Each structure stands twice: as structure tokens, then as C-alpha cells.
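Both counts, for ligands and for their atoms, begin at 1 and track the order of listing. Computed from a predicted model, the values in this text were never measured in an experiment. Count residues from 1 along the sequence.
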Amino acid sequence: MRITFWGAVRSVTGSRHLLEIQGRRVLLDCGLFQGRREESEARNRYLPFPAAGVEAVLLSHAHIDHSGNLPNLVKSGFRGPIHATRATADLLDPMLRDSAHIHERDVEFVNKSHARRKKPPKQPIYTQADVAHTLPLLAPHAYAQPFEVAPGATALFRDAGHILGSAITLLDLAEGGRRLRLGYTGDLGRAHLPIIRDPEVVAGLDVLVIESTYGNRMHEAADLIGERLEGVLARVAERRGKVIIPAFAVGRTQEIVYAIARLFESGRLAPMPVYIDSPLAVDVSAVFRAHPECFDAQTLELLREGTNDPFGFGRMHYVRTLEESKALNERQGPMVVISASGMCEAGRVLHHLRHSVEEPRNLILIVGFQAENTLGRKLAERWEEIRILGETFRLRAEVEVIEAFSAHADLGELLSWTRTLVPPPRRVFVVHGEEEQSLHFAAKLEETGLRNVIVPEMGKDYVL
Ligand code: ZN
């Protein structure tokens, strides 16, 4: 038994961990690496292992940094099942199509300049056709139902409380008379996030592979979301500005919509126009409605009462077309625009930012993790000058960061979840965090008495 780490080690994107059991290979997640363009491109395009040799994929959740390279795996020869929870499987359809669309469009753009310089055209990492070959390989499972992955490997999913459908993967492995249970957190959520349930407690792990996005940070409590949001929206409404919220189409967008809808319904805030400007978010919100088995008690209660509209379909404006999106730039505030991508690396949010950042009445609301070298990070750090789509702008709009929305457990929450593991795991691999976060979290775990805490390096393998 062996595990090799091929991504999201000492960094946060491109999760890929390869397990070997009885000579078969099983891949935990197959995410896209996101960062500087050329480095990302090479790491995503060329897989470090033969795809045809992978028996099955176990997918923790639908976020692109965990799922986004699946079509390339299939294109490269993978034919096995992709095991996922039901909600994750449904989310992948719109998400992978959207991702292929972005790759196709990016290459189109790059090829225009290649043509001018007489350089050979590039091919996208994958296309809609590759996505169409990938989706039929999905094998959806209910939470807590065990299934066989390979000889000597049985898996089951527990709720990770991170986004709709997110799972902690438990694997019971047997080889040559040895048995062990491995737990992979995927991304671990936090208590009291809107809509979804809290992360589940799991037991009896020998080996733990745990994320550490916030291994050195504490957030505001998730139940402060309403209060913090109310303050920001009320302030900008008074000065008739625009609130631009860069948000991932999956998870954060639905939680923000849910939180704003609660504020309007409770009368704590006068309703103002809210635009969800992302065709992907429209599709994803429909998947949310189809999976009440993933909701927490409060959301189920709202649905049962029937008088409320938890996802705000009645009063929010879902924007699909580019024309409608552009028209928003001409409108006067107060208004809220929620648009992808969450780290401002691509997508329609860039156009909204171009039109908003130089006006002090406006406010950019940062609600999610911003990786190094992204525009989102520069906004969160309030750089004086920023570049958007090749042009320089002065940042005069207010910037507010609400960490309560984070879908990732913070240091305290990671530690308290780990304390619920009884008996404690014999070995822990700390992944999915920038180096400083992972190393700090590993040191904290050792302080709690855990032994064999390892922060792996890229491409390194460990006998289990
Ligand atoms: Zn995630």
C-alpha cells in the first residue's frame, strides 16, 4: 500500500493523490492547478502518471481545483468509474462544461496572437467532447453507503460540510493480511454555514490526509454572516453605491443569496436589486434545489414552511446573457452584483470590477479564499493600483473582507475536528495549504500529541 502526492501539497490547488493497493491504482481527486499561466498550463496538460493505469477515481467534491482535470484524465486514457456523492455528480455536469468552455475560449484568444506571430496554434487542455466522455463515467453514491473501489479497497462518503455534496472519503484497505482505514477530508467545512450540514465526525482512522487551507488563521464565526453582511449592504445602500461580490458559482454564491434573502425577509434590510451574474450559478442553483438530502435542519424548515424562498429565486435577478450582464454597468446603485470567478482570475466579474473600482461609493466584498498572485488577493490586500484585463486602474472603491463566509474550517475548527478522531490516527499527511499554513498546522497537530505528522512534497510517495 502506497500513496503519492501529485498536487495541492504546500499549495492549495490541483489536488491529486494516487493510492496503490494490491497493485491497482486509485486516484483521490483530479483537480486543476491554478496559478501563474505557464506553470499551470504545463502541470494540467501533462499528467505525471499513466491515466490508463488508474482503476478508479474517488472525488471529494465538485470544486474545479479538485475535479477540473477529470476530462483530461479521460482524454489521456482513463476508463474507470468516477465515484462521487449524488449531488457532486450532478454539479459536475454544468461545472465541467463551463471549465471546458473557459479552456476553449482561452486557447482561441492565445491563438489569435500566435497567428499574428506565425507560431503554431495551441490545443485546449480539453474540450466539450472530452467532458461528454467523462460524465457517463460518474458513479453516484449516497452518503454512508459503502462500495467497492478495487480489490482490497472499500470506500464510503461522509459529509464534509464544505459545499453541497462535499465528502470526507473513508477507505478500508486490505493487502497481504494487513488492514487499515484511511480518511481523506477533501476540503473540510465548518459548523453553521448556511444551507449545508456541518462536517461529520468519523472514527477509527489509521491514516489521515487532511487539508490545511487555514492552518494558521482563525475566522469570524459563521453565525456572524448575517450581521456583517447587513452592515456592509446598509452602508453602501445609503450612499447609493454598488456592491460587487466576486464569488464561486458553487457554494459561496448560494450562501450569499441565502443570507441576503434572510435579511430582506426579516425586515432588517430594505430590499435592493440583487443580480446573480453567472450562467453557471443559475445551473448550479437548480442542482442545489434538487438535493434537499444535503440541507441542514434550518434550510429544511424554511422549505417546509413553504412561505419562504431560501434561494431567493423570487426576488433575485439571475442573469444569463452577456447583453444583460453588460447592461448592469449602466445601472445606478444601490445594487448588489454577485459574479464569478471567486478569485477574479476570469469571468464576468472582471467587467464589473473595471466599471466599479475607481468609484469610492462602490464596495468590493471579498468573501472567499484568495490564492497568491490572483487579482482577488490584490483587492483583498487593497493595492493602490491594479491591472484588470490588461489595463491599470486606481483602486478607490471600498474593499471589505468577510471571512465568516469561508467554506473552510479555520485552525481552531481543524484542530477540534481532529480531536474527535478516536483513537487518534497513527499517521497524518497535511495537504491543501500554502506552505506556511501547512507547516504551522502540522506543528499544532504535534502539540496535541499526534505522531508522524508529515507535510508531503510534490511527487513524493509513502508506503502505508
Ligand atoms: Zn473546495
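Heavy atoms only, all atoms of each residue included: Gly68 and Leu96 are closest at CA-CD2, 4.1 Å.
Residue Asp187 approaches the Zn ion (ligand 1) most closely through its N/O/S atom OD2. Closest approach between the Zn ion (ligand 1) and any N/O/S atom of His63 involves ND1.
At least one side-chain heavy atom of Glu41 sits under 4.5 Å from a side-chain heavy atom of Lys122. Between Leu70 and Val57, the closest side-chain pair of non-hydrogen atoms falls below 4.5 Å.
Among the backbone and side-chain atoms of Asp65, none of the N, O or S atoms lies under 2.8 Å from the Zn ion (ligand 1). For residue His162, an N/O/S atom approaches the Zn ion (ligand 1) to within less than 2.8 Å.
Remark: of the listed residues Tyr184, Trp6, Phe49, Tyr184 is the sole one forming a ring pair (Phe, Tyr, Trp, His ring centres under 6.0 Å) with His17.
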